[in-house]
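Read through the structure below, which is laid out as structure tokens, and then see the notes.
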Number of protein chains: 2
Amino acid sequence: MLSTGLPQGAVPKLERPGPLRDRVYEALLELITTRALQPGQHLVESELAGHLGVSRQPVREALQRLNTEGWVDLRPAQGAFVHEPTEEEADQLLTVRTLLEAEAARLAASNADGAGVEALEEILAEGLKAVDADDVDAAVALNARFHAKIMELAGNAVLAELAAQVDRRVRWYYTPVARQRGGQSWVEHRELIAAVAAHDEQLATRLMREHTEHTRRSYHARAKS
Amino acid sequence: MLSTGLPQGAVPKLERPGPLRDRVYEALLELITTRALQPGQHLVESELAGHLGVSRQPVREALQRLNTEGWVDLRPAQGAFVHEPTEEEADQLLTVRTLLEAEAARLAASNADGAGVEALEEILAEGLKAVDADDVDAAVALNARFHAKIMELAGNAVLAELAAQVDRRVRWYYTPVARQRGGQSWVEHRELIAAVAAHDEQLATRLMREHTEHTRRSYHARAKS
DNA sequence: GCGCCGTAGACTGTAGACGAAAGACAATCA
DNA sequence: TGATTGTCTTTCGTCTACAGTCTACGGCGC
């Protein structure tokens, strides 16, 4: 028993800066996903280091990580280049995403309890509100939160980690068209929640699969235009 | 047209050492998977560096990569520790593996041509030969090659990469029991090849799912003993 | 004897510097 | 005029050095 008399949870853990490489990683990922760094662009270590006010070392380590996660290509003795997505790769990513999300939906339907369903419905409500208000940014963000919550309810950490990576990259390729589909998908979300609440694994799987397939179709429709 | 008169394909491309970090990565991964470095062990950078005859820097970068791929845990300001697999995590990994392999089987059934099926049958023949000869190591290696070939036939690079990572880790957790199941699985492989050759996607999916589920059951049977 | 505090050691995190390879450009020769 | 070669700049890969932080151990007070 601690005898300090301090409120247990209130201590803010003495906010530490945390490893520099992680912050560099976050910063670079942000720059990439927001298209501030364009696909194919050559990332010069010393430039980034100077720009971020750190040494080259943390930058290198961040680039390493970005490389293993597929955001940048690390050509030996030549440097880092922002990955250039191809049509084929985008399609393959969407296939994998469909797979992972569908499984997550199945597991969520299997595991979800009342509190989980409630949380989903809360996000749904906010999402619909955002759509009504034509707040596309909020709608997109809430969409991500919805899928993340499904993942959480699935209770499979490994699956969640893979899905998070795949999802983020899909979102990157997909941002140009993401805004179009902002509203539509929430109708599908509602059905999915019902299936999860009813513990209907098969239905949940099917709905999520169709849901992500819609996304794929939207993507291809744009790609051809 | 090159006028050197050198034989075109015969030049061995002047084998370059390649980035040091990659070789360190390979070396460490080998040490981990072979249990030379045991789970939970503290990996001291300077020790590894000295042992491998390189500086700390390449070691750090290799550890970074091993961290993102889940082989080691990198506790801030404390160093790298070989990841300790839990029962729960192993189970989750097996779930994901089942998912990925089943999808690969489906895609393989959809895409495979004569040459692909032939390659599978060749591996199968070698595998059965290894089993007959009680050569467990060869059987295990061929098993990996078989699954890798299925992945290749699936023609989805993203899927293949994820599956390779998951597979390798499953194999790591599973090595203690892998040897038991050396022979049994080849019977199942034969059926799978037939399904792929017949382009029967559903059957191929089902067979692969059952196949990997057998693996899971073996694992749990061992875990409880 | 028990617990707390201070100190020392070890290891990581970060920075800076040097050598080497790859690409670009210009000068030279056929 | 075209290709080739030499040089030069840029950038990466690696090494060494220093500062910050955590852990462990010994001494001190209660």
Side-chain angles (χ1 to χ4, degrees), chain A residues 1-6 11-28 31 37-38 40-68 71-84, chain B residues 1-6 11-28 31 37-38 40-68 71-84:
Chain A
M1 176 73 186
L2 292 169
S3 53
T4 56
L6 282 172
V11 186
K13 276 277 182 69
L14 196 51
E15 197 173 318
R16 268 178 294 184
L20 207 47
R21 57 167 172 268
D22 291 343
R23 286 187 294 174
V24 173
Y25 167 81
E26 300 285 350
L28 289 180
L31 289 174
L37 298 174
Q38 291 178 3
Q41 185 169 342
H42 186 189
L43 302 179
V44 180
E45 295 175 357
S46 44
E47 270 184 32
L48 298 175
H51 193 275
L52 296 173
V54 298
S55 171
R56 272 179 57 207
Q57 178 99 355
V59 175
R60 281 182 66 83
E61 296 183 356
L63 288 176
Q64 283 287 326
R65 186 168 161 195
L66 289 169
N67 178 44
T68 67
W71 293 100
V72 307
D73 298 323
L74 226 48
R75 302 187 219 165
Q78 208 176 344
F81 296 80
V82 180
H83 181 71
E84 295 189 73
Chain B
M1 173 73 186
L2 291 170
S3 53
T4 56
L6 282 172
V11 187
K13 277 274 182 72
L14 195 54
E15 195 174 322
R16 271 178 290 186
L20 207 49
R21 55 163 173 265
D22 291 342
R23 286 187 294 173
V24 173
Y25 167 81
E26 299 285 351
L28 289 181
L31 288 174
L37 298 174
Q38 290 178 4
Q41 185 170 343
H42 185 189
L43 302 178
V44 180
E45 295 175 358
S46 45
E47 271 184 31
L48 298 175
H51 193 273
L52 295 173
V54 298
S55 170
R56 273 180 56 206
Q57 179 103 352
V59 175
R60 281 182 67 83
E61 296 184 357
L63 288 175
Q64 287 287 326
R65 187 168 161 196
L66 289 169
N67 178 42
T68 67
W71 292 102
V72 306
D73 298 324
L74 226 49
R75 303 187 217 165
Q78 208 176 346
F81 296 79
V82 180
H83 180 71
E84 296 189 70

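Quick note on labels: first sequence line is chain A, next is B, and so on, each numbered from 1. Source: prediction; values computed, not measured.
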Quiz item: What's the shortest heavy-atom distance between A:V24 and A:V59, and which atoms?
Solution: CG1-CA, 4.0 Å
Exercise. Rounded to the nearest angstrom, tell me the gap between atom CG in A:L63 and atom P in D:dT11.
Key: 14 Å
Quiz item: Among B:R65, B:R21, B:R60, which residue meets the salt bridge (charged side-chain N to carboxylate O under 4.0 Å, His left out) test with A:E61?
Solution: B:R60
Quiz item: For A:R21 and C:dG13, is the shortest distance between a side-chain N/O and OP1 or OP2 below 4.0 Å?
Solution: yes
Quiz item: Do you know which two heavy atoms are closest between B:N67 and B:L74, and how far apart they sit?
Solution: OD1-N, 3.7 Å
Quiz item: Taking atom P of C:dT14 as reference, at what distance in whole Å does atom CG of B:L74 sit?
Solution: 11 Å
Quiz item: How close or far is atom P of D:dG13 from atom CZ of B:R60, stated in whole angstroms?
Solution: 16 Å
Quiz item: Do the side-chain N or O atoms of A:Q78 get closer than 4.0 angstrom to the phosphate oxygens (OP1, OP2) of C:dA21?
Solution: no
Quiz item: Side chain of A:E47, backbone of A:V44: donor and acceptor closer than 3.5 Å?
Solution: no
Quiz prompt | Nearest non-hydrogen partners of A:D73 and A:H83, listed with the distance | solution = OD2-ND1, 3.0 Å
Quiz item: Taking CG from B:D22 and P from D:dC12, how many angstroms apart are they, rounded to a whole number?
Solution: 16 Å
Practice problem: Could you tell me whether a side-chain N or O of B:H42 sits under 3.5 Å from a main-chain N or O of B:Q78, the two making a donor and an acceptor? | Solution: yes
Practice problem: Rounded to the nearest angstrom, tell me the gap between atom CD in B:E61 and atom P in D:dC12. | Solution: 12 Å
Practice problem: Verify, without hydrogens or angle tests, whether A:H51 (side chain) and A:S46 (backbone) share a donor-acceptor contact under 3.5 angstrom. | Solution: no
Quiz item: Expressed in angstrom and rounded to an integer, what is the separation of B:N67 atom CG from C:dG13 atom P?
Solution: 11 Å
Exercise. Tell me which of A:P76 and B:A80 sits closer to the 5' end of DNA chain C, going by the nucleotide each one is nearest to.
Key: B:A80
Practice problem: Provide the closest heavy-atom pair for A:F81 versus A:G40 in the form atom of the first, atom of the second, distance. | Solution: CD2-O, 3.7 Å
Quiz item: Which residues within residues 40-48 of chain A lie with some heavy atom under 4.0 Å of an atom in DNA chain D?
Solution: A:H42, A:L43, A:V44, A:E45
Quiz item: Whole Å only: how far is the CZ atom of A:F81 from the C1' atom of C:dA22?
Solution: 11 Å
Quiz item: To the nearest 0.5 Å, what is the distance between CD (B:Q38) and CG (B:L31)?
Solution: 12.0 Å
Restricting both atoms to N or O, compile the protein contacts to nucleotides 15-17 of chain C shorter than 3.5 Å, with distance only.
unit_1	atom_1	unit_2	atom_2	d
C:dA15	OP2	A:S55	N	2.7

